[in-house]
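Before any comments, here is the structure.
Keep in mind that this is a model prediction, so the values were computed, not measured.
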Amino acid sequence: MLEALLDANVHHHAEYGHELSNHLPMALVALHGLGASEARLEAWAAGYRGRLAPAPLPVVWIGSEPWKDRFGTPDAWPAYRSLFAQWLLHEGRDAVLAQVLPALMPGCGAAAFHGLIRSACALRAGHAGELTDGLAYWAWRYLPIEPAALDGREDDPGAVLDMLGSALADTCSDAGLIADRMRDAAAQPAFGPIVARLRVGDETLAALTRVALTRYAEGGDFTVLHLVTACHAMHALLPWLDEPLSALRSFWAACAAGAASVRPRPAPLALTVLPAWPEITARAIASDDEHVIKLVWACTELDRLHGWEACRSAAARAVVPG
């Protein structure tokens, strides 16, 4: 059922409305990972499809054109769909990812990380068509956010994010889309020098993941939710990266831009009693909110990987009203 539903998504655009990401494939992979029944997968897809736009007509990629030349350009998704479909067909997943991921990582904040997340979900599902569309979406919405050369004075990403938040507190953008606010935050003069203070190493992804989980559990911020699901996706992509530290530097810069774009808000009430995992999972499967489904799936997998209480706290924040 999952494969059939992902096959059918070929008829839908990567975005709908005002540059909103098509979450259908990501949510279906998450629901499947949470243990949803085939009937639930089918019903959820049927309920979500009504908002989606039809896919554009195919555009043939010109063979002589360098493949990176259309990164971030308007209306490039159909051409990148064609390119990646042919590339995957002729060279295979591993060879394509070895060439493509290092080039895409400097723009991993694309569409609020949804290119990265969709590609990771496609890998988990083993679905070539979804991988084609995820990579194409990432290339189309490519969002380069690169720090200055890292000088390695700080190991704690949370401490650097606190410095960044203090420095940019009065400059947070009112832009409607997360990606636009990320771009605005990264353009501030203080951004690069502060982000460059982190020493990126083998433990950085785990540390950054824990910070994102804790901050979402404490505040429930929608942008921070995307940092959690992006960290989860990054765990899945790392095995395909020959130079993981270079990729993690780019990922760190994008996450810092996301965190810096969050306006301070009053924290919601603390959860005095955390539901058990089976209850959290059941609530997520029953939810019509694609972000709740993705967040809880990410938390369950991160809990299996790391065993942090912050995983259950973040998942509970997503499913407990108020």
Point to revise | His114 and Trp140: CA distance, side-chain angles, deciding distance, ring pair (Phe, Tyr, Trp, His ring centres under 6.0 Å) verdict | key: CA-CA 11 Å; His114 285 117; Trp140 173 35; over 10 Å; no
Exercise for review: Before giving the answer on ring pair (Phe, Tyr, Trp, His ring centres under 6.0 Å), spell out for Trp67 and Tyr80 the whole-Å C-alpha distance, their side-chain angles and the decisive distance to 0.1 Å.
Suggested key: CA-CA 8 Å; Trp67 74 273; Tyr80 273 119; 7.2 Å; no
Within 6.0 Å of [atom1] in [X], more than 12 heavy atoms from elsewhere:
{"X": "Asp75", "atom1": "CG", "result": "no"}
{"X": "His127", "atom1": "NE2", "result": "yes"}
{"X": "Glu91", "atom1": "CD", "result": "yes"}
{"X": "Glu3", "atom1": "CD", "result": "no"}
{"X": "Glu243", "atom1": "CD", "result": "no"}

Check your understanding: Do Tyr216 and His226 touch side chain to side chain, with heavy atoms closer than 4.5 Å?
Key ->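 Counting from C-beta outward, Tyr216 and His226 never come under 4.5 Å.
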Review point. Hey, mind stepping through Leu101 and Trp138 against side-chain contact (heavy atoms from CB on, under 4.5 Å) and telling me if it holds?
Key: CA-CA 10 Å; Leu101 288 182; Trp138 191 342; 3.8 Å; yes
Any salt bridge between [X] and [Y], counting N to O under 4.0 Å?
{"X": "Asp170", "Y": "Arg263", "answer": "no"}
{"X": "Asp162", "Y": "Arg197", "answer": "no"}
{"X": "Asp221", "Y": "Arg215", "answer": "no"}
{"X": "Lys294", "Y": "Glu290", "answer": "no"}

Check your understanding: Ignoring hydrogens and geometry, is there a side-chain-to-backbone donor-acceptor pair from Thr73 to Ala76 under 3.5 Å?
Key ->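 No: the side chain of Thr73 does not pair with the backbone of Ala76.
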Review point. Can you tell me if Trp61 uses its side chain to pair, donor with acceptor, with the backbone of Glu65 under 3.5 Å?
Key: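 Pair found, side chain donor or acceptor close to backbone of Glu65.
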Inter-residue atom distance [X].[atom1] - [Y].[atom2], 0.5 Å rounding:
{"X": "Leu208", "Y": "Leu161", "atom1": "CG", "atom2": "CG", "value": "7.0 Å"}
{"X": "Leu177", "Y": "Leu20", "atom1": "CG", "atom2": "CG", "value": "7.0 Å"}
{"X": "Arg199", "Y": "Asp156", "atom1": "CZ", "atom2": "CG", "value": "11.5 Å"}
{"X": "Leu302", "Y": "Trp297", "atom1": "CG", "atom2": "CH2", "value": "10.0 Å"}
{"X": "Leu97", "Y": "Leu88", "atom1": "CG", "atom2": "CG", "value": "7.0 Å"}

Check your understanding: Would Arg93 count as a cation-pi partner of Trp87, with NZ or CZ less than 6.0 Å from the six-membered ring centre and within 45° of the ring normal?
Key ->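 Here Arg93 fails the 6.0 Å and 45° test against Trp87.
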Practice item. Assert yes or no for the condition that the ring centre distance of Trp77 to His12 is strictly below 6.0 Å. Key: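 Aromatic pair excluded; centres sit 6.0 Å or further apart.
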Pairing donors with acceptors under 3.5 angstrom, does anything connect the side chains of [X] and [Y]?
{"X": "Glu301", "Y": "His232", "value": "yes"}
{"X": "Asn22", "Y": "Glu15", "value": "no"}
{"X": "Tyr137", "Y": "Ser119", "value": "no"}
{"X": "Thr223", "Y": "Arg181", "value": "yes"}
{"X": "Trp240", "Y": "Asp94", "value": "yes"}

Practice item. Start with the C-alpha distance between Arg118 and Glu130, add both sets of side-chain angles, then the distance that settles side-chain contact (heavy atoms from CB on, under 4.5 Å), and finish with yes or no. Key: CA-CA 8 Å; Arg118 186 166 174 179; Glu130 257 309 296; 2.8 Å; yes
Review point. What do the steps show when you test Cys299 against Leu213 for side-chain contact (heavy atoms from CB on, under 4.5 Å), and what is the final call?
Key: CA-CA 8 Å; Cys299 289; Leu213 286 163; 3.8 Å; yes
Point to revise | Criterion ring pair (Phe, Tyr, Trp, His ring centres under 6.0 Å) on Tyr48 and His23, from CA distance to verdict | key: CA-CA 9 Å; Tyr48 188 87; His23 281 67; 7.1 Å; no
Practice item. Kindly indicate, with the supporting measurements, whether the criterion side-chain contact (heavy atoms from CB on, under 4.5 Å) is fulfilled by Thr214 and Val211. Key: CA-CA 5 Å; Thr214 301; Val211 170; 5.9 Å; no
